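Computed from a predicted model, the values in this text were never measured in an experiment.
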Amino acid sequence: MYDFERIIDRRNTRSYKWDQNEKLFGNKDILPLWVADMDFESPPAVKEAILRRVEAGVYGYSVGSESYKQAIVNWFGRRHDWAIQPEWITDSPGIVTSLSLSVELFTQPGDEVILQSPVYYPFYDVIKMNDRKVAKNPLILRNGRYEMDYAHLESLMQGGAKLLLLCNPHNPGGTVWKREELQQVGELCLRYGVTVISDEIHCDLTLPGHKHIPFASLSEELADITITTLAATKTFNLPGLQTSFIVARNPELQGKFERKLKALSLHMSSHFAPEAVEAAYNEGETWLDELRQHIAGNAEYAISYLAEHLPAVKVMRPEATYLLWMDCRALGLDAAGLKNLMYKEAEVAFNEGSVFGPEGVGHLRINLACPRAVLTEALLRFSRAAASYVE
């Protein structure tokens, strides 16, 4: 029903991804597959909902609605077997905003906050820029998949860290944490009194054969120590609407969060976003299912292409997200060298891996949420340019 192969020209639309090539990379002809938004139209129901709101012609202050929260409740019950209550939901301008506020609210300056590296680079920012210390729990690469180091994680908790930023599913690796993996984390958190902020923005983008487990759904005890940060923005390509929400069963955690939002005057309802999110959750399911098939196809294509044309580069097969994590260390290039290879020689822009932490050095992250023709051209450019670095 939906054409994910249609190429949409996003240039000159104030696109963060497409309209900064010369400024960021020094080359206007760069093919950008970096920042995590999609090159697809959102579901038709989203567009129709926004247009109805536009046509009203009055764009005043807005309040939330019961139907908006009920759409969220129904979605997570239907798609993730997670029974949440409308009163547990609080809107926030964005996931990173929620992460940053949580670090500020639930730790003190100088405290250690745990993250599991390599990980989405704003995790580092929200810790360091709030004058906290990064307590790094590096992930272990085993059989082409990231796994958690529970012994080391426990040592950080024993050392006094009381907040964990969990990335579930994992970005950039695309790992979908299994129930037993999350349960082991949960047992440690309960034992040592650690609060969990679980970033689950990619929860809807699991690939075939994998199921997302919301961390807070594991037990009431874990729900009471967890704030889950969520959004429809990655799922339905709405990031420019600047909208997200948290789910917190514990009224004390939620109350602190809501009080801070009000202190910053971030508590007002967005004028357009709730209608778009409600329409997406109520009417976007078929679109999402077709999108996931397209992403899975792009992932398989990229893995096969690189295996044939650039076998020195090792690819982590994603279990979720529309992101592909590539180990390019065999090329023998440092971060600056990889950037030169991408921007100058191949004329492509992927994410350079060191921004995800020291464990990401020598890696690249590719955005697969594009038409196959765009992905093919990007892989062709990169493989040709990289070939000279392979011994």
Check your understanding: Are Ile7 and Trp18 co-members of a hydrophobic cluster defined by side-chain heavy atoms under 4.5 Å apart?
Key -> yes
Check your understanding: Other than Tyr61, what residues sit in its cluster of Ile, Leu, Val, Met, Phe, Trp and Tyr side chains whose heavy atoms are under 4.5 Å apart, directly or through others?
Key -> Met268
**Study point:** Short N-O contact, Glu104 and Lys260, less than 4.0 angstrom
**Key:** yes
Review point. Any salt bridge between Glu278 and Arg53, counting N to O under 4.0 Å?
Key: no
Point to revise | Aromatic ring proximity Phe215/Trp82, centre distance under 6.0 Å | key: no
Check your understanding: Does Leu241 reach the side chain of Thr233, with side-chain heavy atoms less than 4.5 Å apart?
Key -> no
Review point. Does the ring centre of Phe245 sit less than 6.0 Å away from the ring centre of Trp88?
Key: no
Practice item. With side chain to side chain donor-acceptor pair (under 3.5 Å) as the test, would you mind laying out the steps for Ser270 and Thr243 before giving the verdict? Key: CA-CA 8 Å; Ser270 165; Thr243 181; over 6 Å; no
Practice item. May I ask you to decide whether Asp111 forms a salt bridge with Lys162, counting only side-chain N to carboxylate O separations under 4.0 Å? Key: no
Review point. According to the side-chain hydrogen bond (donor to acceptor under 3.5 Å, both in side chains) rule, which pairs have a member within residues 349-367, sequence neighbours left out?
Key: Ser117-Glu359, Lys136-Glu359, Asn171-Arg365, Asn351-Arg365, Glu352-Ser354
Practice item. Measure across Thr13 and Asp19 and return the closest heavy-atom pair with its distance rounded to 0.1 Å. Key: N-OD2, 2.9 Å
In a table with atom names and distances, give each donor-acceptor pair under 3.5 Å that connects a side chain of residues 309-317 to protein atoms at least two apart or in another chain.
{"from": "Lys314", "atom 1": "NZ", "to": "Pro311", "atom 2": "O", "distance (Å)": "3.0"}
{"from": "Arg317", "atom 1": "NH1", "to": "Glu300", "atom 2": "OE1", "distance (Å)": "3.0"}
{"from": "Arg317", "atom 1": "NH1", "to": "Glu300", "atom 2": "OE2", "distance (Å)": "2.3"}

Only distances under 3.5 Å count here; give the side-chain donor-acceptor pairs of residues 376-387 to other protein atoms, sequence neighbours excluded, each with its distance to 0.1 Å.
{"from": "Thr376", "atom 1": "OG1", "to": "Tyr301", "atom 2": "OH", "distance (Å)": "3.2"}
{"from": "Thr376", "atom 1": "OG1", "to": "Arg372", "atom 2": "O", "distance (Å)": "2.8"}
{"from": "Glu377", "atom 1": "OE2", "to": "Arg381", "atom 2": "NE", "distance (Å)": "2.9"}
{"from": "Arg381", "atom 1": "NH1", "to": "Asp29", "atom 2": "O", "distance (Å)": "3.4"}
{"from": "Arg381", "atom 1": "NH1", "to": "Glu347", "atom 2": "O", "distance (Å)": "2.8"}
{"from": "Ser383", "atom 1": "OG", "to": "Leu379", "atom 2": "O", "distance (Å)": "2.8"}

Practice item. Using the test ring-ring contact (aromatic ring centres under 6.0 Å, His included), find all partners of His212 that sit at least two apart in sequence or belong to another chain. Key: His80
Let me have the donor-acceptor pairs involving side chains of residues 333-343, under 3.5 Å, with sequence neighbours excluded, atom names and distances please.
{"from": "Asp334", "atom 1": "OD1", "to": "Ala336", "atom 2": "N", "distance (Å)": "3.3"}
{"from": "Asp334", "atom 1": "OD1", "to": "Gly337", "atom 2": "N", "distance (Å)": "2.7"}
{"from": "Asn340", "atom 1": "ND2", "to": "Glu345", "atom 2": "OE2", "distance (Å)": "3.0"}

Review point. Between Ser98 and Ile246, what is the shortest heavy-atom contact and its length?
Key: OG-CG2, 3.7 Å
Study note, to complete from the structure: Of all heavy-atom pairs linking Arg292 and Leu207, the shortest is O-CD2, 4.1 Å
